[in-house]
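We number each residue from 1, following the sequence as shown.
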Amino acid sequence: MVTKIDHIGVAVKNLEESLKFYRETLGLDLQGVEIVEEQKVKVAFLPIGDTEIELLESTDPDGPIAKYIDKKGEGVQHIAYRVDDIEMAIADMLSKGVKMIDEKPRYGAGGAKIAFCHPKSTNGVLVELCQRD
Ligand code: ZN
């Protein structure tokens, strides 16, 4: 059902500051930056091989990333798995007893269709399912 790691989401306080490590130290290329209003987040895309790192900075003190950082500090916030068919993947998860945060796909950065699984069902990891057409 899942085909690869689509991306790893990293919560950061300051995108510009964090980009220094990824661009200058690791030498990754910044492919673009997008604001996802619905998630109150600014996302930077840094492809590496067949996957990418997404840096996530909150655009609002009440946004999910701001809350995550308040609670746990900066760091890896979620792991996204690529799926071919998100509707089928959600149905499959539900049928296997996985608690879903999103039972319907929603818009993700980069035009993806995404759905989050509840960390209670995944040993504490926020797992994202991600379909790209
Ligand atoms: Zn993501």
Do [X] and [Y] share a hydrophobic cluster, counting only Ile, Leu, Val, Met, Phe, Trp and Tyr and linking them when any side-chain heavy atoms are less than 4.5 Å apart?
X      : Y      : value
Val125 : Ile5   : yes
Leu19  : Val36  : no
Val83  : Leu126 : no

**Report entry** Pairs satisfying salt bridge (charged side-chain N to carboxylate O under 4.0 Å, His left out), at least one member in residues 55-79, at least two apart
**Finding:**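 For residues 55-79, and leaving out neighbouring residues, there are no salt bridge (charged side-chain N to carboxylate O under 4.0 Å, His left out) pairs at all.
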Taking all heavy atoms of [X] and all of [Y], pick out the closest pair and write down the distance.
X      : Y      : result
Ala11  : Tyr68  : CB-CD2, 3.9 Å
Phe45  : Gly110 : CZ-N, 3.7 Å
Glu54  : Ala109 : OE1-CB, 4.4 Å
Cys130 : Ile86  : N-CD1, 4.1 Å

Rounded distance [0.5 Å steps], [atom1] in [X] versus [atom2] in [Y]:
X     : Y      : atom1 : atom2 : result
Leu56 : Ser18  : CG    : OG    : 10.0 Å
Lys42 : Leu55  : NZ    : CG    : 11.5 Å
Ile90 : Phe116 : CD1   : CZ    : 11.5 Å
Lys13 : Leu15  : NZ    : CG    : 14.5 Å

Query raised in the report: With no hydrogens and no angle check, do the side chains of His78 and Glu128 hold a donor and an acceptor under 3.5 Å apart?
Result: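 Yes, side-chain donor-acceptor contact under 3.5 Å.
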Query raised in the report: Do we see a donor-acceptor contact under 3.5 Å between the side chains of Asp133 and Gln131?
Result: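 The answer is yes; a qualifying pair exists.
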Query - Side chains of Ile53 and His7 in contact at under 4.5 Å (non-hydrogen atoms) - result: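 Result no, sub-4.5 Å side-chain heavy-atom pair not found.
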Requested in this report: Applying side chain to side chain contact (heavy atoms under 4.5 Å, CB included), name anything that partners Leu26, two or more places apart in sequence or on another chain.
Outcome: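 Side chain to side chain contact (heavy atoms under 4.5 Å, CB included) check on Leu26 returns Phe21, Tyr22, Leu28.
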Query raised in the report: When you look at CE of Met1, are more than 12 heavy atoms from neighbouring residues, nucleotides or ligands closer to it than 6.0 Å?
Result: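 Atom CE in Met1 is crowded, with more than 12 foreign heavy atoms closer than 6.0 Å.
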Report task. For the pair Glu17 and Lys20, find out whether any cationic side-chain nitrogen is under 4.0 Å from an anionic carboxylate oxygen. Result ->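 Salt bridge present between Glu17 and Lys20.
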